[in-house]
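Reviewing the structure listed below.
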Amino acid sequence: MLRNNKADVRVGLLGFGIVGQGLIQGINMQMSNISRRLGTPLKIQRALVQDTNKKRIIGAPELTTYACDILEDPDIDIVVEVMGGEQPAYGYIKQALEQGKQVVTANKLLLARHGPELKALARRNQTGLFYEGSVLGGIPILRTIQRGLCGDRVEEFKGIFNGTTNFILSRMYELGEDYSTALRLAQAAGYAEANPAMDVSGLDAACKLVILYRECFDLEIQLQDVTMSGIKHLDQRQIALQKRQGRIPKLIACAKPQNSEITVGVEWLPDGDSLSQVSGVQNALSLRTLLAGELFWSGPGAGGLATGGAVLGDIMESAERVLTERDRGFLQAGR
Ligand SMILES: NC(=O)c1ccc[n+]([C@@H]2O[C@H](COP(=O)([O-])OP(=O)(O)OC[C@H]3O[C@@H](n4cnc5c(N)ncnc54)[C@H](OP(=O)(O)O)[C@@H]3O)[C@@H](O)[C@H]2O)c1
């Protein structure tokens with residue numbers, strides 16, 4: 001095999017927070033599997049952070065505060081953006097793609113706003129843009145749609161796309177807590193940010209809905225196309241009233257292209273509905289396809305290890321591409 005003669009595949013991280021560190025933990029746990037599968041080691045070259053002195057939960061690769069140490073390093077084959085936010089992440093990803101580097105990202109906000117443009121840029125530069133970690137964390141849904149369901153057709157989907165709001169709603173429903181107590185607990189447990197606006201407004205779920213919608217239906221939609229409401233308006237009086245009728249509140253993301261329905265909002269689900277049984281920080285997706293009918297997934301929608309695992313899957317796929325390209329170059333040079 002040509003691959004055994006090749007050098008390792010090198011990765012640069014933009015960000016070394018919850019997901020970045022979860023990724024390194026995952027790589028450490030899977031090191032020998034990864035090398036065996038690729039036929040060569042995967043090396044994390046360095047990571048971009050804001051503060052190199054911050055305490056981390058895991059031994060860091062070399063840290064830098066200069067993005068050019070990653071974006072302009074010719075030895076780095078794959079750039080992994082796990083810093084979050086729109087800027088400067090957007091500019092960094094564009095720069096990496098323009099240089100023909102493979103890019104992996106878990107940044108749902110960025111993809112919801114700029115996904116089609118970045119995918120086109122990747123195509124023009126004959127490289128790859130991978131983003132499994134951006135939708136439902138540890139549930140491998142994008143690859144399933146792109147590969148597993150490529151002979152089928154998704155007709156509609158519905159799901160719980162945000163673990164923080166599901167945690168809050170579960171506590172309000174099951175334990176009778178009010179909204180602010182449940183939110184405080186979510187923050188103390190590390191499920192909600194100090195500023196929880198993106199979760200509780202429904203924006204986080206809407207970003208994932210937009211990304212998944214484009215994958216399922218191959219249609220261009222934007223965040224503005226989503227009819228969105230959050231969970232802040234809910235109170236115990238409403239919950240108690242609905243509970244007596246056996247109805248459970250869930251923040252549901254729903255896409256039914258036949259009815260032009262693209263929504264994120266609270267639905268009161270009957271006890272028997274499979275989504276009503278998804279409790280705490282779990283995410284879930286119910287998908288109806290033309291051939292297979294109803295399909296259902298549930299699992300961790302966030303967290304360092306689960307999301308890091310999804311990012312690692314993307315790194316593996318892009319590393320395969322890097323190695324195939326090297327093999328091709330090697331063969332051409334030998335002609
Ligand atoms: N957390 C999850 O469970 C989860 C799940 C799915 C998707 N995601 C997505 O994954 C991405 C990362 O999330 P996270 O939770 O890992 O975030 P995080 O814990 O806040 O980590 C962000 C990292 O990026 C670095 N960073 C941020 N802005 C920077 C800048 N301007 N220059 C240099 N470094 C910068 C930070 O540096 P310092 O460490 O020095 O502060 C930190 O290492 C986001 O797009 C998020 O939406 C997260």
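Atom set for the values below is all heavy atoms of this structure, side chains included, hydrogens, waters and symmetry mates excluded. Atoms within each ligand, like the ligands themselves, are counted from 1 in listed order.
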Full working for side-chain contact (heavy atoms from CB on, under 4.5 Å) between V135 and L111: CA-CA 10 Å; V135 179; L111 288 161; over 6 Å; no
Closest non-hydrogen atom pair, G20 against V82: CA-CG2, 3.9 Å
Is the [atom1] atom of [X] crowded by more than 12 outside heavy atoms at less than 6.0 Å?
X	atom1	value
Q126	CD	no
K232	NZ	no
D218	CG	no

R326/D77 ion pair, N-O < 4.0 Å: yes
SB check D73 R10 (cutoff 4.0 Å): no
Between Y131 and K119: side-chain donor-acceptor atoms closer than 3.5 Å: yes
Distance-only side-chain donor-acceptor flag, E72 / Y66, under 3.5 Å: no
Between the candidates [options], which shows the shortest non-hydrogen contact distance to [atom]?
atom	options	result
atom 38 (P) of ligand 1	E86, K108, K54	K54
atom 6 (C) of ligand 1	T105, T307, V311	T307
atom 32 (N) of ligand 1	E81, Q21, R56, M83	M83

Could you identify the single nearest non-hydrogen protein atom to [atom] and state the distance to 0.1 Å?
atom	result
atom 45 (O) of ligand 1	G84 CA, 3.2 Å
atom 36 (C) of ligand 1	Q50 NE2, 3.9 Å
atom 9 (C) of ligand 1	A106 O, 3.3 Å
atom 12 (C) of ligand 1	V82 O, 3.3 Å
atom 19 (O) of ligand 1	I18 N, 2.9 Å
atom 21 (O) of ligand 1	G17 CA, 3.3 Å
atom 4 (C) of ligand 1	V19 CG2, 3.6 Å

Interatomic spacing from CD in Q25 to CG in L23 - rounded to 0.5 Å: 9.5 Å
Side chain, backbone, both or neither: the part of V49 lying under 4.0 Å from ligand 1 by heavy atom: both
Of all the atoms in ligand 1, which lie at a distance below 4.0 Å from a heavy atom belonging to [X]?
X	value
F16	23 (C), 42 (C), 43 (O)
G15	23 (C), 24 (O), 25 (C), 43 (O)
P88	31 (N)
L48	33 (C)
G133	6 (C), 7 (C)

G137 to ligand 1, any heavy atom closer than 4.0 Å: no
Any N/O pair G301/ligand 1 closer than 3.5 Å: no
G303 N/O under 3.5 Å from ligand 1 N/O: yes
Test side chain to side chain donor-acceptor pair (under 3.5 Å) applied to H233 and Q238, step by step: CA-CA 10 Å; H233 62 282; Q238 268 175 297; 5.1 Å; no
Any residue meeting ring pair (Phe, Tyr, Trp, His ring centres under 6.0 Å) with Y179, in chain and number order, not counting sequence neighbours: none
